[in-house]
Amino acid sequence: MHVFNTIQAPAVCLGDDIDTDLIIAGRYLRTKDAQIWADHIFEDLDTTLHARLNGCIIVAGKNFGCGSSREQAAVSIQLAGVQAIVARSFSRIFFRNALNLAIPLFEVPDITCHDGDTITCSLETGKVTVQDESKNTMTYQAQPLSERMLEIISMGGLLPYIEKRMSFKAL
Amino acid sequence: MGTLSEQILGAEAGTYIDRQVDRMYVHDGTGIQTKLVWDRLGGKGVKAPYRVYVIFDHNTPANTSEVATLQRELRNFCKQQQFHFSDAGGGICHQYMAEGHVAPGEIIVGADSHSCTLGAFGAFATGVGATDMAGLWALGETWFRVPESIGFHLHGSFSRGAEAKDLALWYVSTLGMDGATYQALEFVGEGCAGLSMTERMTLTNMAIEAGGKTGLFYADHVTETYMAQYGTHCKHQQPQDPIYTREFDVVLDDIVPLLAVPHRVDSVVPVHKYADTELDQVFIGTCTNGRYEDLLRAAEILKGETVSVRTIIAPASRRTYQQALQAGVIDSFIDAGCILVPPGCAACLGTHQGVLGKGEVGLSTANRNFKNRMGVDASYFLSSVTTAAVSAICGVITDPLEVL
């Protein structure tokens with residue numbers, strides 16, 4: 001019932017417990033200008049990261065997006081051009097925020113990967129393939145998303161999903 | 001049926017459900033982001049405005065003209081929508097809600113990660129982001145995955161120098177920063193009866209620091225007595241043969257004063273390991289430790305003394321402030337040389353009222369010591385109120401067991 005394109009992009013690898021303060025610092029939050037968040041993304045973690053994010057897939061360790069509920073963290077990742085996020089695990093508020101923005105998410109508890117490896121992933125199958133420089137490949141099965149989560153992502157996020165729900169209720 | 005989360009949500013752990021939410025709240029930071037999303041939705045017809053709360057606490061009073069302009073927009077929107085509204089100075093959102101806007105058995109969602117605090121009242125309370133909150137404004141309901149639960153069986157009572165915050169730091173370090181991800185923490189056992197609502201809120205507040213969806217206490221006579229002052233009816237709750245994924249027996253008497261060291265909340269050691277570390281700032285307040293009982297405990301230590309380091313104190317709410325004023329607690333702080341700032345989040349989020357500078361070392365009663373959070377290239381430790389107060393007098397990290 002769901003049709004998703006396969007995503008293929010180079011990996012940018014991050015460690016464990018990347019908190020939302022590290023994704024976008026509190027001092028940049030108080031604005032409506034979302035570009036500011038994309039411009040300062042990961043500034044307190046690694047100032048070189050920003051330039052490498054466009055067109056990449058983030059591959060993170062466990063507990064990605066822990067800490068503050070700030071949705072600006074997920075918005076900044078999307079605006080920076082990140083195609084998908086693969087992580088050993090996600091913090092649940094970040095997970096919901098990213099899902100609501102229709103960012104493809106893959107939870108793969110045992111993934112190993114290096115910067116620049118080619119990642120191929122599909123929401124339809126939940127398969128995540130890592131291909132290294134020597135063309136060795138390893139395929140993982142991501143934790144399944146619920147029907148609801150897939151529906152929200154396939155519709156383009158929570159806003160279109162709610163619009164549909166509201167129009168049904170109005171009938 | 002089962003754990004308190006299962007009882008309130010009415011379904012077994014692991015199932016996905018839709019539930020109407022009894023109360024939903026945002027603060028000035030997440031509120032403006034929620035309104036942005038709401039406007040994109042077309043901005044018509046909040047489902048249940050009488051269940052929506054907007055509480056200004058993060059940057060209050062506004063610290064820049066841009067922030068003031070955003071707050072003005074949100075304030076006007078609240079009036080137009082007839083939301084419950086607490087302006088700058090009213091206090092931290094979780095504490096404001098705790099003052100008569102919560103009841104056992106309710107489902108409460110806040111656009112702030114520490115919304116889990118309200119689980120202290122036997123409510124199912126958890127945090128979401130702006131888009132989820134805009135969806136709640138529109139529909140009045142959202143989806144949940146009923147969490148599995150980790151059980152903490154509490155026995156005995158705290159001994160000299162240790163308090164609820166030390167237990168909170170202990171469980172975060174025991175579970176790790178992701179040890180409770182997608183799960184709820186439940187505090188049960190005969191040790192709960194001796195814990196005040198303030199202590200319970202300190203414990204549930206930090207569930208998120210272990211990745212937890214919420215932290216819960218079953219409503220009992222302590223909850224009932226607290227609720228009575230706000231005229232809220234309180235039905236007692238009981239565990240019903242809950243099944244926990246993990247269980248811990250905790251003897252409160254064995255808990256000692258602890259510190260979370262930079263830059264992880266789960267890097268926890270006994271205070272004496274860092275004794276004599278020079279401090280540039282001590283901060284007492286926040287949704288973890290800024291309540292009246294916390295301030296009273298700090299004042300009992302600071303009374304008649306003089307702090308030897310910059311010490312900032314932020315009451316959690318206006319009511320807290322008034323209680324402290326009436327009890328002479330504020331006089332003790334001022335006499336000791338402390339700086340009082342308005343009720344709210346204050347220095348916790350590193351944007352005003354006590355931002356740390358490069359190379360500075362702080363000690364805070366807050367819940368997060370992430371890198372750069374309270375100031376770029378600064379480092380800070382987390383502790384109990386008691387440890388913070390004795391350290392403020394000495395100007396260096398001080399183990400309460402050495403001086404009390």
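These numbers were taken from a predicted model, which means no experiment stands behind them. Labels below follow one simple rule: chain letters A, B, ... track the order of the sequence lines, proteins then strands, and each chain is numbered from 1.
For the residue pair B:D132/A:N100, the side-chain donor-acceptor check at 3.5 Å is satisfied. Using modelled atom types and a 3.5 Å distance limit, the side chains of A:S68 and B:R373 yield no donor-acceptor pair. Side-chain atoms of B:N372 and A:D44 include a donor-acceptor pair closer than 3.5 Å. Side-chain contact annotation: A:R30 with B:T69, donor-acceptor N/O pair under 3.5 Å absent.
For B:E12, the CD atom counts as loosely surrounded, since its 6.0 Å shell holds 12 or fewer non-hydrogen atoms of other residues, nucleotides or ligands.
For a residue to count as touching a neighbouring chain, one of its non-hydrogen atoms must lie under 4.5 Å from one of that chain's; by this rule B:N63 does not touch chain A. Neither the backbone nor the side chain of A:T20 comes within contact range of chain B; no heavy atom of the residue lies under 4.5 Å from a heavy atom of that chain. Residue contact with chain B, scored on non-hydrogen atoms closer than 4.5 Å, involves the backbone and the side chain of A:F90 alike. Only the backbone of B:A111 comes within less than 4.5 Å of a heavy atom in chain A; its side chain stays farther off. With a 4.5 angstrom heavy-atom cutoff, A:R148 touches chain B only via side-chain atoms. Contact of B:D18 with chain A is made through the side chain alone, with heavy-atom distances under 4.5 Å. For chain A, no part of B:T64 is nearby; none of its heavy atoms comes within less than 4.5 Å. Contacts of B:V376 with chain A are made by side-chain atoms alone, with heavy-atom separations under 4.5 Å and no backbone atom involved. Using a 4.5 Å cut-off between heavy atoms, B:H58 touches chain A through its side chain atoms alone. Heavy atoms closer than 4.5 Å to chain B are found in the backbone of A:L29, but not in its side chain.
The residues A:E163 and B:R40 are annotated as not salt-bridged, no charged nitrogen and carboxylate oxygen being separated by less than 4.0 angstrom.
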Next on the checklist: Apply salt bridge (charged side-chain N to carboxylate O under 4.0 Å, His left out) to residues A:D17 and B:R264 and explain how you reach the verdict.
Outcome noted: CA-CA 9 Å; A:D17 301 312; B:R264 292 180 64 97; 2.7 Å; yes

Next on the checklist: Let's go through A:R92 and B:S113 carefully: what are the C-alpha distance in whole Å and the side-chain angles of both, what is the deciding distance for side chain to side chain donor-acceptor pair (under 3.5 Å) to 0.1 Å, and is it a yes or a no?
Outcome noted: CA-CA 10 Å; A:R92 61 159 286 280; B:S113 62; over 6 Å; no

Next on the checklist: Show, in sequence, the C-alpha distance, side-chain angles and deciding distance for B:T181 and A:F95, and conclude whether the side chain to side chain contact (heavy atoms under 4.5 Å, CB included) test is met.
Outcome noted: CA-CA 11 Å; B:T181 301; A:F95 184 91; over 6 Å; no

Next on the checklist: As a quick check of understanding, evaluate side chain to side chain contact (heavy atoms under 4.5 Å, CB included) for A:S69 and B:T30, giving each step before the final call.
Outcome noted: CA-CA 8 Å; A:S69 70; B:T30 54; 4.1 Å; yes

Item to check | Test log, rule side chain to side chain contact (heavy atoms under 4.5 Å, CB included), inputs A:S89 and B:D178 | outcome: CA-CA 9 Å; A:S89 67; B:D178 66 337; 4.3 Å; yes

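The one candidate from B:Q33, B:K35, B:E73 that meets the side chain to side chain contact (heavy atoms under 4.5 Å, CB included) condition with A:K32 is B:E73.
Note that OH of A:Y161 is 8.5 Å distant from CG of B:L139, once rounded to the nearest 0.5 Å. Rounding to the nearest 0.5 angstrom, the gap separating the CE atom in A:M149 from the OH atom in B:Y16 is 3.5 Å.
Chosen from B:G127, B:G212, B:G110, B:G45, the residue pairing most often with chain A at heavy-atom distances under 4.5 Å is B:G127. For the set B:V67, B:N59, B:I208, the count of heavy-atom pairs under 4.5 angstrom toward chain A peaks at B:N59. Between chain A and the options B:L70, B:I32, B:V355, B:L349, the largest number of non-hydrogen pairs under 4.5 Å is found for B:L70. Ranking B:V37, B:L41, B:T351, B:D28 against chain A, the residue ahead of the rest is B:L41, based on heavy-atom pairs under 4.5 Å. Heavy-atom pairs under 4.5 Å with chain B peak, among A:D19, A:L158, A:I162, A:N97, at A:D19.
When all heavy atoms of A:R96 and B:F144 are compared, the pair lying nearest together is NH1-CA, 4.4 Å. A:M166 and B:A138 get closest at one heavy-atom pair: SD-CB, 3.7 Å. Minimum interatomic distance between A:G67 and B:F370 (heavy atoms only, all atoms of both residues): CA-CE1, 3.8 Å.
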